[in-house]
Amino acid sequence: MSSERRQALLAQIQAQPNGTVSLPNFDLSENTFQFSNSELVNAINLQRDAAAWEAVLTEQLEQLFGTQVCIGSEVRACVLTSAAKDWLQTQLERIDLGIGEGMAAAALSLWQQNPPQAIPWWQRLINLLVGRVVFGLARSLFELQTFIANLFLMQGVSEVFQPTQDIRETFTPTEILFTILDIFATGSLNPFTMGIYHIVRGGLMEGHALLPYQVENKGDGQYWVYVYDSNYPVGRTDTPSNLYVEFDTNADTWRYQPTSDSPEFKGDATSKNIDLTQLSWRQIEKQDDPPYRGPFTCPFCNAETSDSVEPTIEISLIGEGTLTVVPYGSANDSVDVSEPVTVVPFKGGLNQDVPPSYHLPAAFLNEPLQITLSGKAGLATQLVTLQLTGPGYTANFSTIPLAADETLKLYAELNPTGPALTFVSNQATELPLLSIHLNDDSSTSTFDSSTADTFSFTERQVAKSSEFEMSNLRLPAGKRVTMAAREDLKRLYLGDDDGAKSRYSLIVRNRIVIRDRIQVGERRPDFINYTLTYEEDLRTPEIEVAGDTQAYFDYDRTFLDPADKTREELLTRFEQRGFPITIAYEPLTSPPEEVGPLRLIPTEAPPIAERIFQSTLWRTSAE
């Protein structure tokens, strides 16, 4: 901002009777929520309303990322791919760690008067249903919960976090102040939320989101920016009022401490721990017919060479602790800063030590990464989840017990053909849950479906998506176990270096959508459209793997082949079938190492053995 513009803004605020400039028509008592961040977190029950949450947020994912999140890219009846469903569920699990970012953005979004066309469809729906009194409604209102959650989720999309990071890394506190002042002075309907962070162990932690609504000139270069803080609902006798962030333009510093006994946030021109997120960065207009690719970059969707957006890698910890990511074999204690790595802090607002997420460029594909997790001092052992997102999949280390004095090393190789996950045991322990979730794999075919009496011709699209979970392995101290997907081979690999025979529990979850367009009659044909959706779990409790071998199975074979069967024949086959899993064995290809990933490389030779394991088939839906 030019010095002339700054002088004009200073003159404008000094000309005001109280030396203040405010967000137009913003009333703290009317335009903020009458419940706190923690109260809303406690009220949200994702398990009780699981189906409703998935239904409303499925539509949200379509609006964000396009129909590529759906199996078969269908618009009218979207069935999320396994990767999309896992990404959504894992993001929602972060709500338990605080939803302050969503509350600040929601209050600001609902404040807007005479909303422009860019205002998202869900805001207009909420306003239509409940109007301005939404701020005083019970926090248990489902529409309000999902509205806030929608905006909370968007802190993890690049079109929101990248410009936010640019402001954090390039603006000094004084420039932050004048940016807010400029918005208020011009009467803009496109203001900012403010992100603030503590610097803990060198990283941005305990992030919170505030809503600035007024700037007051206190004289001698001192300014107070009054804020709405979702931890302190307005009007309660037990919460402070008139909260503000202090800016000192002489020292180029900022400070925020809502109460005398609450943690103090502060920073200067070098700390880079304050930022702004503009409201319009989150806002999209609902499309009547969502395109294949939406307005935001999908972190888990398939990368295509024709697309201008390069694939990325994302690594996030759901839980408290320290997360460090380095290339395997690197002597550094962090990712090479010469690469355009984005670190995205979490703004939950409940003083939780949730570490920032890493967003790595395509240069890190095909390179093994060493991931270190350390427990938070003074915190009891907790179960955490590490999620990794790559082009066309998500992968998780789930239910990892992380103690306060414990450091765990994990390894991951995120490739275009699928992820490989390696867990290393610190002590004799049970394997955490390893899971891989894929996008869809679609094919189209045609066949003559005529009967003796009627001519018909069928165009069939088959779209499939799979996920895999491995668990229940007991590992001795210092041993490694790996699960890896190879989408080019349609195979899942399992193996460990225990040296003894191992037993794994494996769950394969399949989602399949079959869409038929049937021409009936030749001269004056009618066209009939059918959609068959099926979900099933195949559970194998004890797959055996010898100590000197690696195992794999071809997961495409776990799907029922629809071939040229009619809809009625397919339904009958789905209901009657059982399915064994054929496991093939190869020599363990990874060389013995004391540390590092256990790499399960295909031998490209016939398997040395095969064995059939019977699965229990759980049908979850068919329509």
Side-chain angles (χ1 to χ4, degrees), residues 54-55 58-59 61-63 65-85 286-294 298 301-302 304-307 392 438-466 487-490 508-536 538 554-579 617 619-623:
E54 181 172 351
T58 291
E59 185 174 1
L61 287 192
E62 283 187 81
Q63 298 303 321
F65 306 132
T67 60
Q68 59 183 327
V69 303
C70 310
I71 298 177
S73 303
E74 178 66 18
V75 176
R76 294 183 180 177
C78 178
V79 178
L80 292 179
T81 67
S82 294
K85 185 175 182 180
K286 181 182 180 181
Q287 303 292 323
D288 293 332
D289 185 10
Y292 179 71
R293 295 189 183 278
C298 176
C301 297
N302 294 312
E304 297 181 3
T305 55
S306 60
D307 195 357
L438 305 178
N439 269 347
D440 72 334
D441 178 30
S442 300
S443 62
T444 302
S445 61
T446 58
F447 60 92
D448 187 344
S449 51
S450 302
T451 64
D453 301 322
T454 306
F455 171 85
S456 69
F457 190 79
T458 299
E459 297 179 4
R460 171 166 290 171
Q461 181 194 55
V462 180
K464 304 175 289 187
S465 184
S466 294
E487 291 191 74
D488 54 336
L489 301 175
K490 306 298 182 187
V508 181
R509 292 192 176 92
N510 289 333
R511 312 184 104 190
I512 185 169
V513 177
I514 302 172
R515 297 185 178 92
D516 288 344
R517 187 174 188 267
I518 305 172
Q519 175 188 338
V520 180
E522 289 186 273
R523 295 185 177 181
R524 296 183 178 179
D526 291 327
F527 291 91
I528 303 172
N529 295 311
Y530 285 124
T531 298
L532 175 63
T533 300
Y534 205 87
E535 299 181 46
E536 59 188 7
L538 298 98
D554 297 319
Y555 57 77
D556 246 15
R557 296 182 183 177
T558 64
F559 287 97
L560 177 65
D561 181 8
D564 57 358
K565 300 176 180 63
T566 66
R567 179 172 178 270
E568 291 74 17
E569 290 173 325
L570 284 175
L571 284 170
T572 300
R573 288 284 305 276
F574 274 128
E575 293 303 318
Q576 292 179 350
R577 83 183 190 113
F579 198 88
L617 185 64
R619 298 178 178 89
T620 54
S621 67
E623 58 182 37

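What you see is a predicted model; the values in this text were computed from it and never measured.
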So, for [X] and [Y], which heavy atoms are closest and what is the spacing to 0.1 Å?
X      : Y      : value
Asp561 : Lys565 : O-NZ, 3.4 Å
Ser465 : Asn439 : OG-O, 3.5 Å
Val462 : Pro562 : CG2-CG, 3.6 Å
Ile512 : Phe574 : CG2-CZ, 4.2 Å
Asn302 : Gly392 : OD1-CA, 3.2 Å
Gln519 : Pro525 : CG-CB, 3.5 Å

Using a 4.5 Å cut-off on heavy atoms from C-beta on, say whether the side chain of Glu487 contacts that of Tyr555.
yes

Are Thr67 and Pro290 packed together at the side-chain level, in the sense that at least one heavy-atom pair is separated by less than 4.5 angstrom?
yes

Ignoring hydrogens and angles, tell me if any N or O in the side chain of [X] forms a donor-acceptor pair with the backbone of [Y] under 3.5 Å.
X      : Y      : answer
Arg511 : Leu80  : yes
Thr531 : Arg515 : no
Glu522 : Arg524 : no

Dump the intermediate steps for side chain to side chain contact (heavy atoms under 4.5 Å, CB included) on Leu532 and Tyr530, then the final yes or no.
CA-CA 7 Å; Leu532 175 63; Tyr530 285 124; over 6 Å; no

Residues forming a side-chain contact (heavy atoms from CB on, under 4.5 Å) with [X], sequence neighbours excluded:
X      : result
Ala55  : none
Asp556 : Asp441, Lys464, Lys490, Phe559
Thr454 : Thr451, Val520
Thr446 : Phe457, Glu459

Is the CZ atom of Phe455 crowded by more than 12 outside heavy atoms at less than 6.0 Å?
yes

Partners of [X] by side-chain hydrogen bond (donor to acceptor under 3.5 Å, both in side chains), sequence neighbours excluded?
X      : answer
Asp448 : Ser450
Ser442 : Asp440
Ser449 : Ser456, Thr458
Asp554 : Arg491

[X] [atom1] to [Y] [atom2] distance, which is reported to the nearest 0.5 Å:
X      : Y      : atom1 : atom2 : result
Tyr534 : Leu560 : OH    : CG    : 9.0 Å
Lys85  : Glu535 : NZ    : CD    : 5.5 Å
Arg567 : Leu570 : CZ    : CG    : 9.5 Å

For Phe65, ring-ring contact (aromatic ring centres under 6.0 Å, His included) partners two or more places apart
Trp87, Phe300

Run the salt bridge (Lys or Arg N to Asp or Glu O under 4.0 Å) test against Arg460 and tell me which residues pass, sequence neighbours left out.
Asp516

Applying salt bridge (Lys or Arg N to Asp or Glu O under 4.0 Å), can you list everything that pairs with Glu569, at least two apart in sequence or on another chain?
none

For side chain to side chain contact (heavy atoms under 4.5 Å, CB included), just list the numbers for Gln68 and Arg293, CA-CA rounded to whole Å, side-chain angles, deciding distance to a tenth of an Å, and then say yes or no.
CA-CA 6 Å; Gln68 59 183 327; Arg293 295 189 183 278; 3.2 Å; yes

